[in-house]
Amino acid sequence: MKSQKSFSVFALFALIAMCLGVSTANAASTMDNLMEAYAGEMNAHTRYLAFSKKAEAEGYHQVASLFRAAAEAEFVHAENHAEVIRSLGGEAKAEVVSPVVKTTAENLKDSIKGESYERDTMYPNFIAQAKEDRNRDAIRSFNFAATAEASHAKFYKEALDNLEQWRDGKKDFYVCQVCGETLTALPASKCPSCFSPKEVFRLVN
């Protein structure tokens with residue numbers, strides 16, 4: 001009786017998916033991508049906070065500000081992904097591991113690689129799948145993250161190329177609490193990524 005009920009539930013889901021033009025395999029794939037993205041962003045949040053402490057210890061105070069801002073943005077991304085996961089009936093879970101912390105220069109190099117991969121490969125693939133699945137919320141969340149990761153990669157390269165100039169004093173960054181976009185100056189009126197009012201930005205330094 002139990003197996004018959006389970007089959008009926010699955011059959012109903014399959015019928016609904018068929019009517020919407022979405023395959024059950026693709027629907028599951030988008031959820032998998034959301035879970036992977038959530039775990040990645042939570043680990044990036046933890047990793048960048050650790051990198052920030054290392055930068056402070058080595059005297060690269062502006063680099064530390066950058067890592068703190070990026071950590072803030074990654075947490076925004078994770079929360080966005082978690083919201084979509086919950087809307088699909090899932091529970092956002094992540095195994096957060098202790099990051100490997102090297103020198104600040106090495107940490108910047110590793111961060112550039114990670115952000116570039118997310119910008120160029122991971123999120124574009126996730127977006128393509130979400131479009132196929134017609135999941136607008138997932139597309140939105142992935143797009144927000146991809147745009148911010150591009151900004152992070154740019155900042156990390158700038159810091160690495162001018163490392164000695166990123167020592168003294170703090171550096172101001174503004175992080176959009178809606179999409180995670182990261183800027184060095186408060187926008188005139190709206191976030192250039194999600195078009196939320198500038199009041200949603202948080203100063204991180």
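In this chain, numbering begins with 1 at the start of the sequence shown.
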Does [X] belong to the same Ile/Leu/Val/Met/Phe/Trp/Tyr cluster as [Y], with side-chain heavy atoms less than 4.5 Å apart forming each link?
X      : Y      : value
Phe144 : Leu88  : no
Val178 : Leu203 : yes
Tyr60  : Val101 : yes
Phe195 : Tyr174 : no
Leu163 : Leu66  : yes

[atom2] on [Y] to [atom1] on [X], rounded to 0.5 Å:
X      : Y      : atom1 : atom2 : value
Asn125 : Glu118 : CG    : CD    : 12.0 Å
Gln177 : Glu199 : CD    : CD    : 13.0 Å
Gln129 : Ile139 : CD    : CD1   : 10.5 Å
Ser111 : Arg47  : OG    : CZ    : 6.5 Å
Glu115 : Asp120 : CD    : CG    : 11.0 Å

Taking the side chain as everything from C-beta on, heavy atoms only, tell me whether [X] gets closer than 4.5 Å to [Y].
X      : Y      : result
Asn107 : Val63  : no
Leu49  : Phe67  : no
Asn143 : Tyr123 : no
Leu183 : Pro192 : yes
Cys176 : Ser193 : no

Which atom pair, heavy atoms only, marks the closest approach of [X] to [Y]?
X      : Y      : answer
Asn135 : Ala138 : OD1-N, 2.9 Å
Val100 : Phe51  : O-CE2, 3.5 Å
Asn43  : Val96  : OD1-CA, 3.4 Å
Ala82  : Ala92  : CB-CB, 3.7 Å
Pro187 : Lys198 : O-CD, 3.3 Å
Ala153 : Ser116 : CB-OG, 4.2 Å

- [ ] Could you name each residue pair satisfying salt bridge (Lys or Arg N to Asp or Glu O under 4.0 Å) that touches residues 135-161, not counting sequence neighbours?
- [x] Lys157-Asp161
Open item on the list: Going by salt bridge (Lys or Arg N to Asp or Glu O under 4.0 Å), name the pairs with one or both residues in residues 57-83, residues two or more places apart or in two chains.
Closed with: Lys54-Glu58, Glu56-Arg68, Glu72-Arg202
- [ ] Verify side chain to side chain contact (heavy atoms under 4.5 Å, CB included) between Phe173 and Thr184, making sure each step is shown before the conclusion.
- [x] CA-CA 5 Å; Phe173 291 92; Thr184 54; 3.8 Å; yes
Looking at [X], I want to see if its [atom1] is surrounded by more than 12 non-hydrogen atoms of other residues, nucleotides or ligands under 6.0 Å.
X      : atom1 : answer
Phe201 : CZ    : yes
Lys170 : NZ    : yes
Glu95  : CD    : no

Open item on the list: Glu181 and side chain to side chain contact (heavy atoms under 4.5 Å, CB included): which single residue from Thr147, Val175, Val76 fits?
Closed with: Thr147
Task: Check: His61 main-chain N/O paired with Asp168 side-chain donor or acceptor under 3.5 Å - done: no
Task: Polar side-chain atom of His77 near backbone of Tyr38 as donor-acceptor pair, under 3.5 Å - done: no
Task: Ile85 vs Glu91, side chain to side chain contact (heavy atoms under 4.5 Å, CB included): CA-CA, chis, key distance, verdict - done: CA-CA 6 Å; Ile85 290 169; Glu91 180 182 356; 5.7 Å; no
Open item on the list: Test side chain to side chain donor-acceptor pair (under 3.5 Å) on His152 and Thr182; report intermediate values, then the result.
Closed with: CA-CA 7 Å; His152 296 165; Thr182 307; 2.9 Å; yes
TODO: Check the angle between the aromatic planes of His45 and Phe75 and answer parallel, tilted or perpendicular using the 30° and 60° thresholds.
DONE: tilted
Task: Contacts of type salt bridge (charged side-chain N to carboxylate O under 4.0 Å, His left out), residue Lys190, not counting sequence neighbours - done: none
- [ ] Apply the test side chain to side chain contact (heavy atoms under 4.5 Å, CB included) to residues Asn33 and Phe142: give CA-CA distance (whole Å), side-chain angles for both, the deciding distance (0.1 Å), then the verdict.
- [x] CA-CA 10 Å; Asn33 291 342; Phe142 291 151; 4.1 Å; yes
Open item on the list: So that I know where these two stand, are Tyr48 and Tyr156 an aromatic pair - ring centroids less than 6.0 Å apart?
Closed with: yes
